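To start, the structure itself, in structure tokens.
We count residues from 1, following the sequence as given. This is a predicted model, so every value here is computed, not measured.
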Amino acid sequence: HRVMYLTVKICNIATSNRPCWGDTLKLDFMGDTTASTYYWRGPGGYTSTIRNPYIYPATWADTGDYVCIKFKGIGSDTDTINVQINPKPIISIITNAPICHATGVPDILTLSATPGGATDTFRWTGPTGFTSTLQSPTRPFTVADKGMYEVKITNQYGCKDTASVYATIFGFPPTVTGRLEYCQYIG
């Protein structure tokens, strides 16, 4: 008896990135390209004859199976890739700014990125070196801390969104000494 082993090597493979809604969907057929032609077909009647086509902007309708046929001489090779378009987070900021400074009371700025999912990550930046990875950070707040605060959110698919808000503080009210005169309108 003679035993023969056959090794099957995949020479060509269809690939794609993992796009977020609104980003670019990139398709690729990897392998030998010498004297080859390509035919892609996909959801919604999509077709292309480019080896590495792209779709911009990617929408939910682009989710599904993409089939690529590579023709070389009289032979062909086919592969399929399933593409999932991932949701992008849509973020907004809620804050207690502007803050009215009160004598003898520490001023605290509160920031909150909404909505946020359980697996979302947050990266806040702001004036005077402020950073935080909390969804809803707080910080002591002085006149030096006024300015633009920005949050970047990344969801479980790696999709990102950014929002910003300008936070300011109103200073101490003027101290009034002596007699205060004012006019009253009687009409």
Side-chain angles (χ1 to χ4, degrees), residues 15-28 30 42-44 46 52-64 66 81-187:
T15 63
S16 79
N17 61 337
R18 297 178 55 205
C20 302
W21 190 91
D23 289 344
T24 301
L25 164 59
K26 299 174 186 175
L27 301 166
D28 185 23
M30 298 169 47
Y46 175 80
N52 302 323
Y54 64 90
I55 299 170
Y56 177 83
T59 67
W60 305 127
D62 299 317
T63 296
Y66 288 80
I81 182 76
N82 181 271
V83 172
Q84 183 70 39
I85 307 301
N86 295 303
K88 250 187 181 171
I90 298 172
I91 196 83
S92 63
I93 296 175
I94 297 171
T95 181
N96 65 333
I99 296 173
C100 293
H101 184 73
T103 307
V105 178
D107 296 311
I108 303 293
L109 175 66
T110 60
L111 301 161
S112 184
T114 61
T119 59
D120 294 346
T121 60
F122 301 87
R123 179 164 165 18
W124 288 90
T125 57
T128 63
F130 173 76
T131 63
S132 177
T133 57
L134 298 174
Q135 180 178 352
S136 299
T138 60
R139 77 170 299 186
F141 198 71
T142 67
V143 173
D145 301 316
K146 70 181 182 178
M148 192 64 67
Y149 287 79
E150 181 179 85
V151 62
K152 293 180 183 178
I153 182 175
T154 304
N155 69 13
Q156 66 190 23
Y157 306 106
C159 301
K160 301 173 190 305
D161 192 22
T162 301
S164 60
V165 65
Y166 187 84
T168 191
I169 187 169
F170 296 123
F172 293 108
T175 303
V176 178
T177 59
R179 185 171 172 193
L180 179 63
E181 293 183 22
Y182 63 93
C183 297
Q184 180 179 4
Y185 173 76
I186 300 175

Practice prompt. Supply the atom-to-atom distance Leu27 CG to Asn52 CG, rounded to the nearest 0.5 angstrom.
Written response: 8.5 Å
Practice prompt. For the pair Val83 and Asp62, evaluate side chain to side chain contact (heavy atoms under 4.5 Å, CB included) and give the outcome as yes or no after the intermediate values.
Written response: CA-CA 8 Å; Val83 172; Asp62 299 317; 5.9 Å; no
Worksheet item: So, does Asn155 use its side chain to make a donor-acceptor pair with the main chain of Pro87 at under 3.5 Å?
Response: yes
Worksheet entry | Shortest non-hydrogen contact between Ala58 and Pro19, atoms and distance | CB-CB, 4.5 Å
Discussion item. Test: side-chain hydrogen bond (donor to acceptor under 3.5 Å, both in side chains). Region: residues 15-28. Which pairs qualify, not counting sequence neighbours?
Written reply: Asp23-Lys88
Worksheet item: Under 3.5 Å, is there a donor-acceptor pair linking the side chains of Glu150 and Ser164?
Response: no
Fill in: Sequence-distant partners of Thr128, side chain to side chain donor-acceptor pair (under 3.5 Å), two or more places apart
Arg139, Asp145
Fill in: Shortest non-hydrogen contact between Gln156 and Asp120, atoms and distance
N-OD1, 4.2 Å
Worksheet item: Taking only residues at least two apart or on different chains, which pairs with a member in residues 118-145 satisfy ring-ring contact (aromatic ring centres under 6.0 Å, His included)?
Response: Phe130-Tyr149
Discussion item. Can you tell me how far apart NZ (Lys160) and CD1 (Ile153) are? Round to the nearest 0.5 Å.
Written reply: 10.5 Å
Worksheet item: So how far is it from Cys20 SG to Asp161 CG, rounded to the nearest 0.5 Å?
Response: 10.5 Å
Fill in: Partner set under side chain to side chain donor-acceptor pair (under 3.5 Å) for Gln84, not counting sequence neighbours
none
Worksheet item: Rounded to the nearest 0.5 Å, how far apart are OG1 of Thr162 and CD1 of Ile91?
Response: 9.5 Å
Discussion item. Taking ring-ring contact (aromatic ring centres under 6.0 Å, His included) as the definition, give me every residue that meets it alongside Tyr166, ordered by chain and number, with sequence neighbours left out.
Written reply: none
Worksheet item: Is a donor on one side and an acceptor on the other found under 3.5 Å between the side chain of Thr154 and the backbone of Thr121?
Response: no
List the atom pairs, donor and acceptor, that lie under 3.5 Å between side-chain atoms in residues 110-117 and the rest of the protein, sequence neighbours left out.
{"unit_1": "Thr110", "atom_1": "OG1", "unit_2": "Asn96", "atom_2": "OD1", "d": "3.2"}
{"unit_1": "Ser112", "atom_1": "OG", "unit_2": "Ser136", "atom_2": "OG", "d": "2.9"}
{"unit_1": "Thr114", "atom_1": "OG1", "unit_2": "Ser92", "atom_2": "OG", "d": "3.4"}

Worksheet entry | Single hit among Ile94, Ile93, Val151 for side chain to side chain contact (heavy atoms under 4.5 Å, CB included) with Val165 | Ile93
Discussion item. Check whether Asp107 reaches the backbone of Thr142 with its side chain - one donor and one acceptor, N or O, closer than 3.5 Å.
Written reply: no
Fill in: Tyr157 side chain near Ile85 side chain, heavy-atom distance below 4.5 Å
no
